[in-house]
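These notes are about the structure you will find just below.
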Amino acid sequence: MSESKQTFQKSLGLLDATMLVVGSMIGSGIFIVSADIARNTGSAGWMMVVWLICGFMTLTAALSYGELSAMFPKAGGQYIYLREAYGPVLSFVFGWTFFAVIQTATIAAVGVAFAKFTAYLFPFMDEDVYLLEWSDYRVSAAQLLAIAVIIVLTYINSRGVNSGKRVQTSITLIKIGSLLLLLLFGFLALKHEVWTWNWDNISLWSMRRLNKDGTYASYDGFSAMGAFSAAMVGALFSSDSWHSSSAVAGEIKNPQRNIGLSLALGTLLVTVIYLLTNLMYTGILPLEAMVNAPKDRVAMSVAQEVFGPFGITIIAIMIMISTFGCNNGIILAGARVYYSMAKDGLFFKRAGKLNAHAVPAWALWIQCVAASIWCLSGKYGDLLDMITCVVVIFYVLAIAGIIRLRITRPDLNRPYKAFGYPFLPILYILMGLAFIGLMVIFKPNYTWPGIIIALLGIPIYYLINPKRRKYEVS
């Protein structure tokens with residue numbers, strides 16, 4: 001079969017699609033970000049509220065995306081939804097930001113996280129072990145290991161969707177089982193005095209900044225909202241990539257049913273695991289200990305309390321498994337977005353071709369190159385903080401697109417309609433806009449750079465598409 005006639009293979013069932021969602025969501029965040037959330041909120045109660053709101057927003061978005069995925073079961077997911085709702089300019093801006101930073105820098109960050117925790121078992125892989133130095137620029141063993149892992153996973157996925165799905169499904173099942181075992185042993189080892197201190201404290205619902213020296217700094221009403229939005233950044237980032245199965249719609253069996261169902265099941269499962277994990281944390285460590293966890297690695301401090309000195313090894317292995325599976329899912333899904341962009345003439349033409357294994361191999365490898373460059377830059381961590389606001393902007397636009405399409409294209413076939421429409425989609429939009437507004441006001445250094453990167457997509461669109469060809473809605 002010639003390359004031009006090759007088509008996607010319907011190889012992913014409901015379990016595979018759900019494991020893609022779960023595996024792409026759970027990386028290293030749940031093991032780390034609770035320290036910063038505790039620092040910004042200063043109470044167990046408000047820390048759990050952050051996770052509850054984040055879980056509610058993610059689940060609401062997933063249930064809403066079910067309508068879009070059922071209407072447009074095509075490779076590309078969110079890129080396709082934005083294109084159909086708003087046209088090619090906005091969808092390109094998303095695709096540009098997705099390739100430039102969102103997906104590729106995330107792959108780099110997850111790859112380096114894998115390397116950092118590998119160094120606990122093999123110290124010669126540490127980020128402080130430099131293999132190349134030139135003037136002020138250094139390349140560490142961790143960076144090279146991260147690139148090696150990205151290359152290996154890209155190669156696996158270039159050999160066909162079945163290769164990628166076997167890695168994803170098996171690793172994610174192991175990951176879920178490991179987290180459930182950690183929860184079981186954690187709750188069995190729960191310390192009554194710690195739980196009582198965290199939950200019966202008279203200041204349980206007093207939101208304050210908790211400093212590393214154990215002192216508190218009070219917020220006024222307005223600054224409390226800024227601190228709350230800052231706390232949500234970590235939780236939202238830990239729950240991102242929940243829409244991964246929508247990107248591989250062309251390879252999912254019965255996509256009108258299974259995409260929406262996989263989004264709902266996957267996000268619900270992860271939300272429950274995240275809530276239980278943080279409850280378990282509050283029964284093992286006082287908030288002051290969470291804030292002072294070395295390099296914010298709360299899970300390692302918890303594991304040491306539960307399992308003793310061997311706990312660090314256990315968590316290191318768990319995070320290695322978790323980040324490996326997470327990156328596999330992100331790599332698999334991301335290439336399908338570039339494939340759809342190329343089909344619209346808005347990305348490298350070769351990215352729109354499938355190889356003999358019916359996958360967009362060229363798109364996979366160009367993504368690998370970009371992610372590897374981010375690994376070498378050492379700046380991916382800063383950029384990930386900067387793009388959280390932009391990611392939520394695109395989610396808000398996509399969900400608003402459901403309402404727009406109901407008005408502008410009422411005759412479209414809708415095998416599934418958004419749960420709780422219009423109440424839940426509107427509620428998500430309002431919550432998302434509130435988060436964006438607070439981030440712009442209180443964290444301008446973390447928001448405007450990401451917004452500027454996204455807005456650069458507008459002139460780039462007209463530069464590569466000077467005739468402004470009219471896109472015919474399919």
Q. Is a side-chain N or O of K443 found less than 3.5 angstrom from the main chain of A230, in a donor-acceptor match?
A. no

Q. Sub-3.5 Å donor-acceptor pair from the side chain of N198 to the main-chain atoms of A44, do we have one?
A. no

Q. Do L90 and L397 pass the side-chain contact (heavy atoms from CB on, under 4.5 Å) test, and can you show the C-alpha distance, the side-chain angles, and the key distance before you say yes or no?
A. CA-CA 10 Å; L90 182 59; L397 286 168; 4.0 Å; yes

Q: Take D296 and V33, measure what side-chain contact (heavy atoms from CB on, under 4.5 Å) needs, and give me the verdict at the end.
A: CA-CA 7 Å; D296 284 355; V33 300; over 6 Å; no

Q.
Between S158 and Y155 (side chain of the first, backbone of the second, donor and acceptor by atom type, cut-off under 3.5 Å), is there such a pair?
A. yes

Q) How long is the gap from CG on L210 to CE on M290, to the nearest 0.5 Å? A) 10.0 Å

**Q.** Side-chain donor/acceptor of S239 to backbone N/O of L236, under 3.5 Å
**A.** no

Q. Can you tell me how far CD1 of I174 sits from CD1 of I317, rounded to the nearest 0.5 angstrom?
A. 12.0 Å

(Q) Can you classify the ring geometry of Y120 versus F117 as parallel (below 30°), tilted (30 to 60°) or perpendicular (above 60°)? (A) parallel

**Q.** Nearest heavy-atom neighbours spanning I150 and I331
**A.** O-CD1, 4.2 Å

Q. Sub-3.5 Å donor-acceptor pair from the side chain of N292 to the main-chain atoms of K212, do we have one?
A. yes

Q) Say you draw a straight line from OG1 of T154 to CZ of R159; how long is it, rounded to the nearest 0.5 Å? A) 13.5 Å

Q: Using a strict 4.0 Å threshold on nitrogen-to-oxygen distance, state whether E251 and K165 make a salt bridge.
A: no

**Q.** Gap separating the CD1 atom of I426 from the CD1 atom of I402, nearest 0.5 angstrom
**A.** 11.0 Å

Q. Is the CH2 atom of W365 crowded by more than 12 outside heavy atoms at less than 6.0 Å?
A. yes

**Q.** Sub-4.5 Å side-chain heavy-atom contact between I37 and N278
**A.** no

Q) Can you tell me how far the OG1 atom of T313 sits from the CD atom of Q304, to the nearest 0.5 Å? A) 9.5 Å

Q) Is a side-chain N or O of S140 found less than 3.5 angstrom from the main chain of V129, in a donor-acceptor match? A) no

Q: List the atom of F442, the atom of G226, and the distance in Å for their closest heavy-atom pair.
A: CD1-CA, 3.4 Å

**Q.** 4.5 Å side-chain heavy-atom contact, W242 and Y65
**A.** yes

(Q) Could you check whether any side-chain N or O of Q103 sits under 3.5 Å from a backbone N or O of F98, counting only pairs where one atom can act as donor and the other as acceptor? (A) no

**Q.** Closest approach of A264 to L63 (non-hydrogen atoms, all atoms of both residues)
**A.** CB-CD2, 3.8 Å

Q | Side chains of H243 and S69 in contact at under 4.5 Å (non-hydrogen atoms) | A | no

**Q.** Inter-residue atom distance I26.CD1 - I321.CD1, 0.5 Å rounding
**A.** 12.5 Å

Q. Are the side chains of I53 and M57 in touch, meaning some heavy atoms are under 4.5 Å apart?
A. yes

Q: Give a yes or no on whether F187 atom CZ has more than 12 heavy-atom contacts from other residues, nucleotides or ligands under 6.0 Å away.
A: yes

(Q) Is it the case that over 12 heavy atoms from other parts of the model lie below 6.0 angstrom from the OH atom of Y421? (A) yes

Q: Examine distances only and state if a side-chain atom of N328 and a backbone atom of L153 form a donor-acceptor pair shorter than 3.5 Å.
A: no

**Q.** Considering all heavy atoms, the nearest I176-I273 contact
**A.** CG2-CD1, 4.5 Å

Q.
Can a side-chain donor-acceptor contact be found between D240 and Y395 if the only test is distance below 3.5 angstrom?
A. yes

Q: Show the numbers, then the answer: is there a side-chain contact (heavy atoms from CB on, under 4.5 Å) between Y274 and S238?
A: CA-CA 9 Å; Y274 280 4; S238 298; 4.0 Å; yes

Q: For F423, look at atom CZ and say whether over 12 heavy atoms of other residues, nucleotides or ligands are found less than 6.0 Å away.
A: no

Q) Are the side chains of V161 and R336 in touch, meaning some heavy atoms are under 4.5 Å apart? A) yes

Q: Answer whether the closest heavy-atom distance between the side chains of R138 and L132 falls below 4.5 Å.
A: no

Q: Go through the steps to decide whether W374 and T104 satisfy the test side chain to side chain donor-acceptor pair (under 3.5 Å), and finish with yes or no.
A: CA-CA 7 Å; W374 280 126; T104 50; 3.3 Å; yes

Q) Are any of the side-chain heavy atoms of S244 and I330 separated by less than 4.5 Å? A) no

(Q) Quick one: does any side-chain atom of S24 pair with a main-chain N or O of V21 as donor and acceptor, under 3.5 Å? (A) no

Q) More than 12 foreign heavy atoms under 6.0 Å from CZ of F307: is that the case here? A) yes

Q: Can you spot which of Y81, Y338, F99, F394 makes a ring pair (Phe, Tyr, Trp, His ring centres under 6.0 Å) with F94?
A: F394

Q. Does T60 use its side chain to pair, donor to acceptor, with the backbone of F56 at less than 3.5 Å?
A. yes

Q. Of the non-hydrogen atoms in V50 and F228, which two are nearest, and what is the gap between them?
A. CG2-CE1, 3.5 Å

Q: Please name the pair of heavy atoms, one in I32 and one in K295, separated by the smallest distance, quoted to 0.1 Å.
A: CG2-O, 4.4 Å

Q. In a check of side chain to side chain donor-acceptor pair (under 3.5 Å) between D16 and each of N162, T169, N258, which one passes?
A. T169

Q: Decide yes or no on side-chain contact (heavy atoms from CB on, under 4.5 Å) for W46 and N40, but give the supporting numbers first.
A: CA-CA 9 Å; W46 281 110; N40 278 290; over 6 Å; no

Q: Flag the pair K116 / R297 as yes when at least one side-chain heavy-atom distance between them is below 4.5 Å, and no otherwise.
A: yes

